[in-house]
Amino acid sequence: MSALARDLAPLVLAGVLGSAGAGKLFGRGTARQAPRTALARLLRDGGRAALFLRVLGAVELLLAAALLAWPTTPLPGAGAALLGVGFLGYLGYARTAAPGSSCGCTARQEAPLTWRAFARAAAVLAGGAAAALARQPWWTAAARHPAAAACLVLAAAVALTALSADPERRWRMPLRRLRLRIAGHPLAATATTTATATAVAPATTPATTQAAMPPDAAGAPPPVPLTAAGARTAVPVAATVELLERSRAWQSVSRVVRSALMDHWDDGGWRILQFAGVYGGGTAARPVLVLFAVDAAASLDTVREPAVRVSVIDADSGAPVMATA
């Protein structure tokens, strides 16, 4: 191991833990994301999962501060290495028990568990081991070799940023929006009408739901999406999910959802998005499927509050379940 990389490890690791810890402890999305993580299943309660994430965030911030202030002391590095081991163990459990759930590692993303999460945990373990072996303060090492230190820190930052999130959401979607702002949106001339999101109890099973969305409680057929004209082109699924997660319909039932997007299909101008969830608590908890129907042509570039229909059904029997906010 390079002596310079070893001595700079406390600085790089402090940046990783500080960023993740601040997101967990102070992030507004921690309480919203916690119920959809594998941690909620482990602790059997979304509230406890949110509290645990905030405590973990505080621990990460303390370790980051110790790494910055006392870089040649082995204890902060050893503590970070143990934290990495714990992360790897938790991720192994999450991959087995709740493969579609988010890990909650950064409290900023809700993507399902992927190899990136394991790579981040391994990086924390390796960084902690390296930091425990540091022989001189990071500021001394950086002062002696400023150019090499800058290159190493920059390379580490780029690598860790690449592991921090799904590139579809972090890089590709913003680039697509930038292209639309520069070149103009192809659907900009089409008028779009929005409707208030409603929650309904379906009268169909999961198999029949794929063919069509269920009627509402009064027996009326589902409305045709207002933007489903033949001339409209369906947007990417990621754009539909992003629009859904900012809607009032999503907020009304998000506490039930426990997974990332599991399946999707288009039908009659609607895009059906399927998530797994848990309804109820304690011994009364039961697995459910949460289905959202969103205009397949709508996105954040064309509408702010989409027309959304929500169906929550028992995953085993297909019986309707009424989810309340």
Side-chain angles (χ1 to χ4, degrees), residues 1-25 27 29 33 37 53 56-57 59-61 63-68 71-72 76-92 94-95 102-176 178 238 260:
M1 179 188 299
S2 167
L4 180 59
R6 178 196 63 201
D7 294 335
L8 290 177
L11 174 63
V12 175
L13 187 58
V16 174
L17 294 179
S19 175
K24 294 185 183 76
L25 184 59
Q33 183 189 356
T37 64
L53 285 175
L56 178 59
V59 171
E60 289 175 330
L61 285 175
L63 281 175
L67 287 166
L68 289 175
T72 56
L82 289 176
L83 194 63
V85 172
F87 286 159
L88 287 172
Y90 163 67
L91 292 173
R95 188 65 176 266
S102 166
C103 66
C105 304
T106 63
R108 293 190 181 96
Q109 57 179 339
E110 301 175 3
L113 185 62
T114 66
W115 64 269
R116 290 183 179 86
F118 286 92
R120 289 194 301 269
V124 171
L125 172 57
L133 300 175
R135 294 291 179 266
Q136 60 181 335
W138 56 266
W139 55 83
T140 301
R144 289 179 177 177
H145 309 281
C151 290
L152 277 175
V153 172
L154 180 60
V158 170
L160 292 170
T161 300
L163 294 174
S164 65
D166 184 352
E168 177 68 27
R169 181 166 296 185
R170 176 64 68 89
W171 307 109
R172 295 171 189 164
M173 288 301 295
L175 287 176
R176 288 170 185 161
L178 178 61

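What you see below is based on every heavy atom in this structure, not just the backbone, and it leaves out hydrogens, waters and symmetry mates.
Contact between L160 and A123 at its shortest, heavy atoms only, is CD2-CB, 4.2 Å. In terms of heavy atoms, P10 sits closest to A134 at CG-CB, 4.2 Å. Taking both residues in full, the closest heavy atoms of A9 and A131 are given as CB-N, 3.8 Å, listed atom of the first, atom of the second, then distance. Looking at every heavy atom in both residues, A148 comes nearest to L4 through CB-CD2, 3.6 Å. A pairwise comparison of heavy atoms in A156 and V12 identifies CB-CG1, 3.9 Å as the closest pair. Nearest approach of L13 to A80, heavy atoms of both residues: CD2-CB, 3.4 Å.
From R120, atom CZ reaches atom CG of L88 across 11.5 Å, with rounding to the nearest 0.5 Å. Rounding to the nearest 0.5 Å places CZ of R116 at 14.0 Å from CG of L91.
For R144, the side-chain hydrogen bond (donor to acceptor under 3.5 Å, both in side chains) partners at least two apart in sequence or on another chain are Q136. A66 meets the side chain to side chain contact (heavy atoms under 4.5 Å, CB included) test with W70, P76; sequence neighbours excluded. Residues satisfying the side chain to side chain contact (heavy atoms under 4.5 Å, CB included) test with L83, not counting sequence neighbours, are L17, L56, E60, L63, F87. Residues passing the side chain to side chain contact (heavy atoms under 4.5 Å, CB included) test with L11 are L68, W138, V153, sequence neighbours excluded. For A150, there are no side chain to side chain contact (heavy atoms under 4.5 Å, CB included) partners, not counting sequence neighbours.
Using modelled atom types, no side-chain atom of D7 and backbone atom of P137 make a donor-acceptor pair closer than 3.5 Å.
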